[in-house]
Amino acid sequence: MSYVASRLAAVKPSASMAASQAAKALRATGVDVIDLGLGEPDFPTPPHVAEAAHAAALRGETLYTAAAGTPALRAAVADKFRRENGLDYGLDDIVVANGAKQIIFNALMATLNDGDEAILPAPYFVSYPEMVKLLGGVPVTPVCDAEHGFRLTPEVLEAAITPRTKWLFLNAPGNPSGAVYSAAEMRALGAVLAKHRQVLILSDEIYEHIIFDGREFVSFGKACPELRDRTLIVNGVAKAYAMTGWRVGYAAGPTPLIKAMNTVQSQSCTSVAAPMQAAALAALTGPQDCIPMFKAAFERRRDLVVAGIARIPGLTLLPPEGAFYAYIGCAGLIGRRTPKGDILTDDVAVANYLLAEGHVSSVPGSAYGLSPFFRISTATSDAVLTEAIARIGRAVAALSETR
Ligand SMILES: Cc1ncc(COP(=O)(O)O)c(C=O)c1O
């Protein structure tokens with residue numbers, strides 16, 4: 001007897017969660033492991049946000065809310081899109097869910113028919129292909145290599161579109177690469193999409209505020225207004241306000257799509273917990289000073305990691321333009337021999353070696369659809385990052401050539 005539905009057979013658990021578990025297991029044996037697997041801001045949630053949740057619960061905001069979210073929170077989200085992105089959405093065009101992840105899940109659940117394709121430019125966020133498969137779709141994962149800044153080009157997009165294409169996912173600043181698209185680059189993609197009217201666009205903008213070198217964030221919705229009736233803008237409070245565990249994401253899109261997503265939500269989780277919605281409301285409407293503070297810290301750590309990796313022969317790193325990861329090329333390590341005599345055959349072997357020998361946990365590029373790379377999260381202190389890079393450097397130096 002099997003407990004598991006056939007639709008789950010091809011779905012993998014989250015690779016970053018798995019890397020974190022492996023790090024925890026090694027740590028439990030007494031080893032001092034640096035876990036750079038999972039990506040969450042290491043800052044505390046701003047106190048006024050936590051207080052807002054507490055006050056809401058004490059006020060009796062403890063009941064179910066509208067599936068789409070409280071009117072007050074949706075109004076705050078609409079205001080955020082107007083203020084920060086220059087986008088005008090009404091309350092019926094906005095939905096709130098338990099994280100950006102649930103927004104994406106609801107969107108796919110609401111729209112995918114069996115065999116529909118979703119284009120996920122690789123390297124992609126690990127959950128995208130698994131959600132697509134879970135909901136009967138087919139992930140199409142065109143390679144967007146380092147040579148092109150890990151960005152999807154109009155030519156690669158055109159080649160990936162078929163009559164079965166239902167979705168194109170864009171994610172900038174991107175996890176894991178940190179790539180950002182300029183408005184002109186988005187418009188060039190928009191010109192291709194304009195010709196293929198069956199394609200919906202999901203723009204995952206969760207890292208919008210973590211963007212470096214003075215770049216200004218431009219929402220896909222702002223760059224390509226002509227595609228508004230096919231675009232779902234996904235965002236949330238997790239990364240901008242250090243609120244990963246509060247689980248509040250939101251989206252804006254065409255009313256019929258939002259309505260369909262609400263139907264999914266009302267029949268699954270009903271709504272986001274009311275006090276968490278009060279917390280998100282406080283985050284979006286309260287003091288915004290944590291945003292530049294987090295950004296400056298992440299940019300400083302990005303610089304630290306870029307400089308550190310540049311000193312390690314065999315590794316390459318295109319400086320991330322945003323987000324808090326480094327997607328490190330390790331082609332120069334493949335085929336080399338570990339002190340125990342094993343050959344590093346791929347990036348899974350590299351990540352395993354870095355954990356076993358360097359005691360640094362990372363996630364292999366195969367999880368993101370582009371090898372050979374490994375991803376480290378830079379959302380930890382400068383001191384820990386410095387130590388992690390020193391350990392990676394020592395582990396790499398201990399490898400010998402086999403050729
Ligand atoms: C690209 C991307 N989208 C969405 C999420 C999930 O966001 P949330 O915590 O709001 O579900 C993540 C989290 O790592 C992410 O990297």
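Whatever order the structure lists them in is the order used to number ligands and atoms, beginning at 1. All figures in this text were calculated on a predicted structure; none of them were measured in a lab.
- At least one N or O atom of A100 sits closer than 3.5 Å to an N or O atom of ligand 1.
- By the 3.5 Å distance cut-off applied to N or O atoms, Y207 is counted among the residues near ligand 1.
- Both the sub-6.0 Å distance and the 45° axial angle are not jointly satisfied by R302 relative to the ring of Y325.
- Inspection of the D35 and S20 side chains reveals an N or O donor paired with an N or O acceptor under 3.5 Å.
- Using a 4.0 Å cutoff on heavy atoms, T244 does not count as a contact of ligand 1.
- Residue contact annotation: A238 has a non-hydrogen atom under 4.0 Å from ligand 1.
- Among pairs with a residue in residues 96-138, those fulfilling ring-ring contact (aromatic ring centres under 6.0 Å, His included) read F125-Y128, Y128-F169, at least two apart in sequence or across chains.
- Every atom of ligand 1 with a heavy atom of N171 under 4.0 Å away is listed here by number and element: 1 (C).
- Of all protein heavy atoms, the one lying nearest to atom 13 (C) of ligand 1 is K239 NZ, 2.9 Å.
- Contact check on D342 versus R336 returns no salt bridge, with no Lys/Arg side-chain nitrogen under 4.0 Å from an Asp/Glu carboxylate oxygen.
- Of the protein's non-hydrogen atoms, F125 CZ, 3.5 Å is the one closest to atom 12 (C) of ligand 1.
- Remark: the T65 side chain and the Q277 side chain contain an N/O donor-acceptor pair separated by less than 3.5 Å.
- For N235 and E205, the side-chain atoms include no donor-acceptor pair closer than 3.5 Å.
- The closest approach between any non-hydrogen atom of R247 and ligand 1 is below 4.0 Å.
- Ligand 1 has no atom lying under 4.0 Å from any heavy atom of Q102.
- The aromatic rings of F150 and Y327 stand perpendicular to each other, their planes meeting at an angle above 60°, with 30° marking the opposite boundary.
- The shortest N/O to N/O separation between K101 and ligand 1 falls below 3.5 Å.
- For F220, there are no ring pair (Phe, Tyr, Trp, His ring centres under 6.0 Å) partners, not counting sequence neighbours.
- Using a 4.0 Å cut-off to heavy atoms of D204, the atoms of ligand 1 that qualify are 1 (C), 2 (C), 3 (N), 4 (C).
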